[in-house]
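We use all heavy atoms of the structure for the numbers below, so side chains are in, but hydrogens, waters and symmetry mates are not.
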Amino acid sequence: MELIFELGQEGRGLDLLPECDVCEVTLDAPKRAGKMHLPHVSETELSRHYTRLAKRTHGVNDGFYPLGSCTMKYNPKVNEEMAALPGFTSVHPLAPVESVQGCLEVLYTLQEDLKEIAGMDHFTLQPAAGAHGEFTGLLLIKAYHKANGDEKRTKIIVPDSAHGTNPASAAMAGFEIVNIPSGEDGCVDVEALKAAVGEDTAGLMLTNPNTVGIFDKNILEITEIIHKAGGLCYYDGANLNAIMGQCRPGDMGFDVVHLNLHKTFSTPHGGGGPGSGPVGCKDILAPFLPGSYAVKTADGYEYEGCEESIGSMRSFAGNFLVIVKALTYVTTLGAEGIKEASQNAVLNANYMRVKLADVYDMAYDVTCMHEFVMTLEKKKKEINITAMDIAKAMLDYGIHPPTMYFPLIVHEALMVEPTETETKEEMDYVIEVLREIMAKAKEDPEYIQHSPHHTVIGRPDEVKAARTPVVTYEF
């Protein structure tokens, strides 16, 4: 497909800009050495170009999008409408507090709702993404130990099934990472954990249910082991979609948690944002919370900060319009609706797992939570069909592939998360497609090995694309 710079002819154009309604100002700054490289296209060319691009994209509005651990679910459009209200979009972050009481009420109300959902005592809405929330939570842990004069605690324990951002965030916060293995059941190896803790343990990073979609049956023992060693427990909220309304990280023994508003609480996810990763904590970490947060007083709503704060993690109150969407989602569903959403997420995942278990090998063939992991390790040995082959073949059916080759503890992994928003009919179609692909793989493996056959692009050189990407246009 041609780039927009390759379309049109010199001098061709269109007029879409409204008449200027402000004073024109000429800048004294140095001028460009040459003309800007702008495409010369007509309105017809412009419209058709972006329409063609739109037809090549795939999102939750197009079809099944089962990226495991990413919760790529359909988001109610009423949330977008609320975030588009002029009273929210036109507000200035430096406006006087008395003039933005409605916006402060939004911040305060969501803080209170998230405290209840996560079992935490306090929340900050500042962090702009999940990994940003991780970094924030780890800085809180670091500040806590420093305030207690316990600076020898330099190590963060991370399971081998963790999201890749966990060890990265810990390293950014200045900690040393201690990796512990999973047991054959996919859960934390408790004996290995006991051997790893010590006087230098600052904390543990964990998500429950974990990355293979299993709720760790030893979770209370795990958090107790860390606390007895003097460490704190951090909860990665990436998989909250499975348990919201059912159980709470705070009740499992976690001291700090981040939640992904762009996964669990209905902001479109992917494409680089916008995201939001609010961080909740227990009272012991409250003095170190970043920036300011909304509080309710007898005279209305105000901002309040902490004297021992780790400092602001980003400007102002966070990604405000994402927060509006999340509040709309929580308010619309209510306590029972949130509980039902997680129940349906778990039901959908187990329905698909059971329906595929006789054709695909399950990494852990047990009742899962919101996602399950298939392994093509045996099929690779038997008929030379890989996880990549299955994923590529799915493209011919208009289905976005699941997460591939993750978690790393499962070889030839395909991780599927149908979410609660998919219907039984849609899941039945995907199940039939996956069964059909495997039948074809056994009958004609070469056909599947060369999939996809009916997409605009077949199999690009992905190694070359990753190592030597071409991201600029040479004029």
Working to the nearest 0.5 Å, report the span between CD of Glu340 and CG of Asn344.
5.0 Å
Glu377 bridged to Lys380 by N-O distance under 4.0 Å:
no
Can you find a pair of side-chain heavy atoms, one from Met388 and one from Tyr405, that are under 4.5 Å apart?
yes
Check whether any side-chain heavy atom of Thr455 lies under 4.5 Å from a side-chain heavy atom of Asp396, and answer yes or no.
yes
Between the side chains of Asp113 and Lys115, is the shortest nitrogen-to-carboxylate-oxygen separation below 4.0 Å, so that they form an ion pair?
no
Please tell me whether Ser161 and Asn210 have a donor and an acceptor in their side chains that are separated by less than 3.5 angstrom.
no
Grab the two heavy atoms, one from Tyr293 and one from Cys306, that are nearest each other, plus how far apart they are.
CE2-SG, 3.7 Å
When you measure from the side chain of Asp283 to the backbone N and O of Asp121, does any donor-acceptor pair fall under 3.5 Å?
no
Are the side chain of Gln101 and the backbone of Tyr301 linked by a donor-acceptor contact shorter than 3.5 Å?
yes
Consider only side-chain N and O atoms of Thr71 and Glu417, and report whether a donor and an acceptor are under 3.5 Å apart.
yes
Heavy-atom pair of closest approach, residues Val91 and Gly87
CB-O, 3.9 Å
Note: Phe372 and Met362 closest approach over all heavy atoms is CD1-SD, 3.7 Å
Taking C-beta and beyond as the side chain, do Val106 and Phe320 meet within less than 4.5 Å on heavy atoms?
yes
Keeping Ser451 on the side-chain end and Ala393 on the backbone end, is there a donor-acceptor pair under 3.5 Å?
no
How long is the span from the CG atom in Asn208 to the CZ atom in Phe215, to the nearest 0.5 Å?
4.5 Å
Keeping Thr207 on the side-chain end and Asp236 on the backbone end, is there a donor-acceptor pair under 3.5 Å?
yes
Residue pair Thr154 / Asp200, side-chain donor-acceptor N/O under 3.5 Å:
no
Nearest 0.5 angstrom please: Glu191 CD to Ile180 CD1, how far?
11.5 Å
Whether the side chain of Thr223 engages the backbone of Leu220 through a donor-acceptor N/O pair (distance < 3.5 Å, no angle test) should be reported.
yes
Could you please spell out the steps behind the side chain to side chain contact (heavy atoms under 4.5 Å, CB included) verdict for Met394 and Phe64?
CA-CA 11 Å; Met394 293 173 73; Phe64 200 62; 5.6 Å; no
Do side-chain atoms of Gln126 reach the backbone of Phe316 as a donor and acceptor pair under 3.5 angstrom?
yes
Are there over 12 heavy-atom neighbours, none belonging to Lys146, within less than 6.0 Å of that residue's NZ?
no
More than 12 heavy atoms of other residues, nucleotides or ligands under 6.0 Å from NZ of Lys282: is that the case?
yes
Taking only residues two or more places apart in sequence, or in another chain, which ones meet Asp358 in a salt bridge (Lys or Arg N to Asp or Glu O under 4.0 Å)?
Arg435
Are Leu240 and Asn260 side-chain neighbours, meaning at least one heavy-atom pair lies under 4.5 Å?
no
Supply the atom-to-atom distance Met427 CE to Leu434 CG, rounded to the nearest 0.5 angstrom.
13.0 Å
Going by an N to O cut-off under 4.0 Å, is there a salt bridge joining Lys378 and Glu412?
no
Drop me the distance from Glu371's CD to Thr211's OG1, to the nearest 0.5 angstrom.
7.0 Å
Is it the case that atom NZ in Lys77 sees more than 12 heavy atoms from other parts of the structure closer than 6.0 Å?
yes
Among Thr367, Asp185, Val373, Val366, which residue meets the side chain to side chain contact (heavy atoms under 4.5 Å, CB included) test with Ile214?
Val366
Return yes when atom CD of Glu112 has more than 12 non-hydrogen atoms of other residues, nucleotides or ligands closer than 6.0 Å, and no otherwise.
yes
Correct closest heavy-atom pair for Tyr234 and His258 would be OH-ND1, 2.7 Å
Do you know which two heavy atoms are closest between Ala317 and Ile323, and how far apart they sit?
O-CD1, 3.7 Å
Interatomic distance, CD1@Ile225 vs NZ@Lys194, rounded to 0.5 Å, equals 5.0 Å
Hey, mind stepping through His400 and Met72 against side chain to side chain contact (heavy atoms under 4.5 Å, CB included) and telling me if it holds?
CA-CA 11 Å; His400 196 286; Met72 302 291 277; over 6 Å; no
Please check this pair: side chain of Asn319 against backbone of Ser276, looking for a donor-acceptor N/O pair closer than 3.5 Å.
no
Just checking Ile457: does its CD1 atom have more than 12 heavy atoms from other residues, nucleotides or ligands closer to it than 6.0 angstrom?
no
Side-chain donor/acceptor of Ser342 to backbone N/O of Lys339, under 3.5 Å
yes
Asp62 side chain to Gly59 main-chain N or O, any donor-acceptor pair under 3.5 Å?
yes
Taking Leu204 as the fixed residue, which of Ile157, Asp255, Ile141, Val197 is the one that meets the side chain to side chain contact (heavy atoms under 4.5 Å, CB included) rule?
Ile157
Any non-hydrogen side-chain atom of Met252 less than 4.5 Å from a side-chain atom of Ile243?
yes
Could you walk me through whether Phe175 and Lys155 satisfy the side chain to side chain contact (heavy atoms under 4.5 Å, CB included) test, starting with their C-alpha distance in whole Å, then the side-chain angles of each, then the deciding distance to 0.1 Å, before giving a yes or no?
CA-CA 5 Å; Phe175 290 107; Lys155 295 180 179 179; over 6 Å; no
Quick one: does Lys296's side chain have a donor or acceptor within less than 3.5 Å of a partner on Tyr108's backbone?
no
If every non-hydrogen atom of Cys233 is compared with every non-hydrogen atom of His227, which pair is closest and at what distance?
SG-NE2, 3.8 Å
Please test Asp361 against Thr375 for side chain to side chain donor-acceptor pair (under 3.5 Å), starting from the C-alpha separation and ending with a verdict.
CA-CA 6 Å; Asp361 296 320; Thr375 171; over 6 Å; no
If you define the side chain from C-beta out and look only at heavy atoms, does anything of Leu376 sit under 4.5 Å from Thr386?
no
Worked verdict on His370 versus Asn239 for side chain to side chain contact (heavy atoms under 4.5 Å, CB included):
CA-CA 8 Å; His370 62 305; Asn239 294 343; 3.2 Å; yes
Is the shortest heavy-atom distance from the side chain of Leu107 to the side chain of Leu125 under 4.5 Å?
yes
Can you find a side-chain donor-acceptor pair between Asn241 and Glu420 that sits under 3.5 Å?
yes
Hey, are the side chains of Pro452 and Lys392 touching, using non-hydrogen atoms and a 4.5 Å cut-off?
yes
Determine, for Lys379 against Asp389, whether the closest basic-nitrogen to carboxylate-oxygen distance falls under 4.0 angstrom.
no
